[in-house]
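Worksheet for the structure shown next.
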Amino acid sequence: MNIFTLFQEKVVEAIQKVFGNEENLASVDLKKIVVEPPRDASHGDLATNAAMLLAKPFKQKPRDLAEKLAEYLRQDKDIAEISVAGPGFINIRLQDAFWAGHLAIILKNGKNYGANYVKEKRKVNIEYVSANPTGPMHVGHCRGAVIGDALANLFAFAGFEVTKEYYVNDAGAQVDVLAKSTYLRYLEALGEDIGAIPEGLYPGDYLKPVGKKLAKIHGVALKEMPESDWLPLLRDFSIDAMMDLIREDLACLNVRHDVFFSERKLHVKAEDGKSLIDKTLAHLEERDLVYVGTLPPPKGQKPENWENRPQTLLKASDFGDDIDRPLKKSDGSYTYFAADVAYFNDKFERNFDDMLYILGADHGGYVKRLGAVAKAIAGYEADLSVLLCQLVKLLRDGEQVKMSKRSGNLITLRDVVDEVGVDAVRFMMLYRKSDAPLDFDFSKVTEQSKDNPVFYVQYAHARAYSVFRMAHERMKFEENEWGKVELSGLKKLNDTTEIALIQKMASFPRIVETATQAREPHRIAFYLYELASAFHAHWNIGKDRPDLRFINENDKELTRARLGLVAAIRDVIAAGLLIIGISAPTEMR
RNA sequence: GACCCCGUAGCUCAGCAGGAUAGAGCAUCGGAUUCCUAAUCCGAAGGCCACAGGUUCGAAUCCUGUCGGGGUCACCA
């Protein structure tokens with residue numbers, strides 16, 4: 001339950017009761033009335049802008065309206081104090097008992113507090129990573145992988161039905177390049193001197209084991225075949241090998257997909273001689289959305305390279321794109337885009353309501369055309385949205401690390417994880433909103449790992465357990481008693497600092513909602529940092545005020561209540577860490 | 001030429017479906033440890049929210065334009 005929504009409903013109800021006979025009430029957009037935590041805690045627990053929004057349509061002073069609403073709301077048993085301030089804000093302070101009751105709710109829900117808030121359980125497809133299966137994953141892939149994964153967890157937590165998907169680009173020319181590169185490594189494994197890897201092929205060492213494996217399975221057999229025979233064989237073999245490699249890389253980051261969708265599947269002819277792309281295009285043709293034409297040359301490019309070629313085009317500009325997009329190359333074969341269209345169609349036929357694409361900033365030009373595809377195929381029956389992650393700039397000691405495939409100083413995802421650890425990598429990637437570029441300085445992340453916010457949050461979780469351990473040692477509290485408190489016991493928690501902690505936890509469901517709606521998993525990371533900070537601060541208050549320490553050996557019931565508070569914090573932090581996919585240690589030394 | 005993202009403290013960034021005095025961390029300076037892990041906390045200092053207009057009761061937040069930084073732009077994948 002989100003207390004802000006709860007009180008928003010109460011305020012709306014109050015408006016209808018108090019101003020029911022205002023003729024302009026119908027014209028007021030009640031959704032714009034918000035109840036939120038005031039910026040300054042001294043204003044109260046909740047604040048609403050209702051009166052200010054009503055002032056214009058009602059032609060009355062906002063403060064007068066606020067007074068009337070406040071008078072009505074004052075009857076609410078949960079409200080301790082209500083006042084009008086500033087230009088017409090209504091500030092509400094709630095009864096301590098309300099917060100005790102809310103703490104009981106948190107404890108009852110445990111790690112599911114804030115979960116499953118959605119009323120309509122939409123089917124959501126989140127496609128992320130989708131790196132080409134031609135080698136190991138490099139750092140550049142990290143960000144999308146982590147953001148996509150955290151977003152998927154977030155949506156699942158919110159109560160959506162989520163499928164995590166990886167689109168395997170295994171149909172283009174790069175696959176032949178891969179197969180040929182593997183073939184060389186195979187020859188090498190047979191003892192031949194292959195010299196330097198020729199320009200245009202993949203030089204990476206990661207293909208060596210694949211070549212060896214081939215030599216082991218096939219001996220010299222492949223060597224004696226013509227290329228037309230070994231090529232298709234090696235395509236499959238090396239793609240499988242690369243996908244295994246990628247899956248392992250992703251596992252290092254704790255990223256696991258539900259579906260790996262092969263692009264080749266879209267090109268394969270079915271029994272009726274038609275591929276999925278054929279069928280999708282036929283369907284679009286029926287609706288007159290496809291035509292043969294030529295595209296204008298892009299402005300700002302050298303026009304001398306431009307050739308006027310008739311191509312099969314999708315009328316993407318009818319659906320918000322800048323220009324129409326080619327479905328077929330001039331030689332009649334399908335473009336990559338055509339496969340994309342068929343792929344979207346496939347997702348649509350799998351009944352997803354929302355398709356999310358997590359793409360790198362270098363794919364910014366795709367946003368409009370993907371949107372057009374969705375509109376053309378699904379109309380308003382499904383939503384497609386694209387989340388662009390800006391690029392990661394890799395630094396070491398403040399110097400940019402240059403990567404180039406040719407010189408072989410490619411920094412892989414695994415290098416990064418090995419050096420700084422999964423938790424730190426994931427947190428770093430999420431401790432920034434995705435549409436801002438990210439500087440990732442190795443030396444900083446490793447050297448300052450103690451100052452890394454991830455440890456700060458994890459430490460708060462560990463600290464909770466430290467309290468439990470101490471409670472066990474000193475007062476014989478057992479593990480199953482940590483969060484077990486009656487409401488009457490929780491009412492002992494009436495210090496303002498304790499209430500403030502409960503309030504901080506109470507905003508978690510709201511954060512989950514806004515993070516889901518805005519598709520911004522970084523909000524969870526920031527929230528966790530704040531909650532951890534509040535907990536650490538409260539802990540230290542115990543130094544000056546021993547009466548506020550969690551453990552009070554003279555009062556078992558008070559201690560029990562405070563352990564409840566700690567358990568709730570532990571649960572909320574654990575829930576948040578689970579969403580962003582970071583471990584929640586019970587001890588850090 | 002067009003499109004997308006960004007511009008907030010010395011540095012790295014939050015805040016942006018409009019709300020009250022713009023917040024953290026780092027760095028700087030000053031404090032807290034016989035006391036539940038100091039991987040922590042408390043305090044000080046630090047701002048024309050790039051600039052200029054507009055919308056309104058109210059703008060860091062929305063709109064337009066300018067400047068600056070990054071990315072992208074026809075049969076590649």
Side-chain angles (χ1 to χ4, degrees), chain A residues 31-32 34 36 38-40 43 47 49 52-53 55-56 61-62 85-89 91 132 134 169 171-175 263 294-301 305-309 311 322-323 325-337 339 360-368 386 388-391 393 431-439 441 444 448-453 455-456 458-460 462-463 465-471 473-474 514 517-518 522-523 525-526 529-530 532-533 535-544 546 549-552 562 566 587-589:
Chain A
K31 279 192 194 121
K32 288 201 139 186
V34 291
E36 46 189 8
R39 188 167 292 177
D40 187 339
H43 290 146
N49 61 349
M52 272 112 73
L53 288 170
K56 198 164 204 180
K61 288 181 188 161
F89 287 102
N91 289 326
N132 281 351
T134 55
N169 296 143
Q174 84 279 9
V175 176
E263 184 188 353
T294 53
L295 287 170
K299 290 167 186 166
Q301 295 269 356
N305 294 340
W306 178 257
E307 285 173 48
N308 239 0
R309 286 169 298 231
Q311 291 176 273
D322 300 322
I323 53 167
R325 301 289 173 181
L327 293 164
K328 285 184 183 174
K329 303 175 195 171
S330 43
D331 67 4
S333 62
Y334 286 128
T335 59
Y336 182 79
F337 178 65
D362 51 339
H363 286 71
Y366 280 77
V367 178
K368 279 189 183 174
V386 179
L388 280 187
C389 300
Q390 290 300 311
L391 304 177
K393 194 204 267 181
Y431 205 57
R432 196 122 320 180
K433 69 178 174 230
S434 57
D435 48 13
L438 169 64
D439 286 351
D441 193 326
K444 261 190 187 159
Q448 302 184 347
S449 65
K450 290 205 167 183
D451 294 327
N452 192 313
F455 298 111
Y456 186 86
Q458 288 180 317
Y459 181 40
R463 209 164 218 187
Y465 277 85
S466 167
V467 175
F468 297 149
R469 281 189 292 269
M470 198 53 69
E473 216 170 279
R474 293 198 191 159
T514 54
Q517 275 154 22
H522 75 275
R523 292 181 190 231
F526 278 93
Y529 188 88
E530 286 170 21
S533 175
F535 182 53
H536 287 313
H538 188 259
W539 168 287
N540 278 276
I541 288 175
K543 288 179 175 170
D544 292 332
R549 288 186 197 162
F550 299 118
I551 294 170
N552 182 332
R562 289 189 175 157
V566 175
E587 192 175 7
M588 288 170 89
R589 292 273 175 189

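Predicted, not measured: the structure shown is a model, and the values here were computed from it. Labels below follow one simple rule: chain letters A, B, ... track the order of the sequence lines, proteins then strands, and each chain is numbered from 1.
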Euclidean distance for [atom1], [N] against [M] (whole angstrom):
N: G15(B); M: G23(B); atom1: C1'; value: 7 Å
N: U66(B); M: C13(B); atom1: P; value: 27 Å
N: U34(B); M: A38(B); atom1: P; value: 11 Å
N: U40(B); M: G58(B); atom1: C1'; value: 40 Å
N: C4(B); M: U12(B); atom1: P; value: 26 Å
N: C41(B); M: G47(B); atom1: C1'; value: 26 Å
N: A50(B); M: A14(B); atom1: P; value: 14 Å
N: A2(B); M: A74(B); atom1: C1'; value: 14 Å

Main-chain N/O of [Y] paired to [X] side chain as donor or acceptor, under 3.5 Å:
X: Arg562(A); Y: Arg549(A); value: yes
X: Asn91(A); Y: Ala47(A); value: no
X: His536(A); Y: Tyr456(A); value: yes

Using whole Å, report how far [atom1] of [X] lies from [atom2] of [N].
X: Leu295(A); N: A74(B); atom1: CG; atom2: C1'; value: 6 Å
X: Tyr431(A); N: U12(B); atom1: OH; atom2: P; value: 16 Å
X: Leu438(A); N: G70(B); atom1: CG; atom2: C1'; value: 13 Å
X: Lys56(A); N: G18(B); atom1: NZ; atom2: P; value: 15 Å
X: Asn452(A); N: U12(B); atom1: CG; atom2: P; value: 17 Å
X: Gln390(A); N: U12(B); atom1: CD; atom2: P; value: 16 Å
X: His363(A); N: U72(B); atom1: NE2; atom2: P; value: 10 Å
X: Tyr529(A); N: U12(B); atom1: OH; atom2: C1'; value: 13 Å

Considering only side-chain heavy atoms of [X], which listed nucleotide, [options], is closest?
X: Trp539(A); options: A39(B), U37(B), G15(B); value: U37(B)
X: Arg589(A); options: U37(B), C57(B), G15(B); value: U37(B)
X: Pro87(A); options: C41(B), C4(B), G19(B); value: G19(B)
X: Asp362(A); options: A20(B), U72(B), C36(B); value: U72(B)
X: Asn91(A); options: U37(B), A20(B), C5(B); value: A20(B)
X: Arg432(A); options: C5(B), C76(B), U12(B); value: U12(B)
X: Lys433(A); options: C41(B), G15(B), G19(B); value: G15(B)
X: Ala436(A); options: G71(B), U56(B), A14(B); value: A14(B)

Self-check item: Along RNA chain B (nearest heavy atom to each residue), the more 5'-positioned of Ser434(A) and Thr335(A)
Solution: Ser434(A)
Describe the nucleic acid contact of [X] in one word from base, sugar-phosphate, nothing, applying a heavy-atom distance below 4.0 Å.
X: Ala47(A); answer: base
X: Met588(A); answer: base
X: Phe526(A); answer: sugar-phosphate
X: Gln517(A); answer: base
X: Asn552(A); answer: nothing
X: Ala173(A); answer: sugar-phosphate
X: Arg39(A); answer: base
X: Ala171(A); answer: nothing
X: Gly364(A); answer: nothing

Mind checking who [N] pairs with, Watson-Crick or G-U wobble, both distances under 3.5 Å?
N: A9(B); answer: none
N: G18(B); answer: none
N: A44(B); answer: U28(B)
N: C3(B); answer: G71(B)
N: A50(B); answer: U66(B)

Quiz prompt | Side-chain N,O (His538(A)) to OP1/OP2 (C42(B)) below 4.0 Å | solution = no
Practice problem: Respond yes when some side-chain nitrogen or oxygen of Arg463(A) is under 4.0 Å from OP1 or OP2 of U37(B), and no when none is. | Solution: no
Quiz prompt | Face-to-face stacking of Phe89(A) with A20(B), centres under 5.5 angstrom, angle under 30° | solution = yes
Exercise. Kindly indicate whether the side chain of Asn49(A) and the base of A20(B) share any N or O donor-acceptor pair separated by less than 3.5 Å?
Key: no
Practice problem: Take Asp322(A) and Lys368(A) through the side chain to side chain contact (heavy atoms under 4.5 Å, CB included) test and state the conclusion after the steps. | Solution: CA-CA 8 Å; Asp322(A) 300 322; Lys368(A) 279 189 183 174; 3.1 Å; yes
Contacts under 3.5 Å, N or O only, protein and nucleotides 31-35 of chain B:
unit_1 : atom_1 : unit_2    : atom_2 : d
C35(B) : O2'    : Arg549(A) : NH1    : 2.6
C35(B) : O2'    : Arg549(A) : NH2    : 3.3
C35(B) : O2     : Arg549(A) : NH2    : 2.7

Quiz item: Does the side chain of Thr134(A) come under 3.5 Å of the side chain of Asn132(A) through a donor N or O and an acceptor N or O?
Solution: no
Quiz item: Can you name the salt bridge (Lys or Arg N to Asp or Glu O under 4.0 Å) partners of Arg325(A), sequence neighbours left out?
Solution: Asp321(A)
Quiz item: What distance separates Ile551(A) CD1 from Glu473(A) CD, expressed to the nearest 0.5 Å?
Solution: 9.0 Å
Exercise. Quick one: do Arg463(A) and Trp539(A) satisfy side chain to side chain contact (heavy atoms under 4.5 Å, CB included)? Show the steps, please.
Key: CA-CA 9 Å; Arg463(A) 209 164 218 187; Trp539(A) 168 287; 3.2 Å; yes
Quiz item: Can you check side chain to side chain contact (heavy atoms under 4.5 Å, CB included) on Leu388(A) and Asp435(A), steps first, answer last?
Solution: CA-CA 6 Å; Leu388(A) 280 187; Asp435(A) 48 13; 6.0 Å; no
Practice problem: Take Lys328(A) and Thr335(A) through the side chain to side chain contact (heavy atoms under 4.5 Å, CB included) test and state the conclusion after the steps. | Solution: CA-CA 5 Å; Lys328(A) 285 184 183 174; Thr335(A) 59; 5.6 Å; no
Practice problem: Check the angle between the aromatic planes of Tyr431(A) and Phe526(A) and answer parallel, tilted or perpendicular using the 30° and 60° thresholds. | Solution: parallel
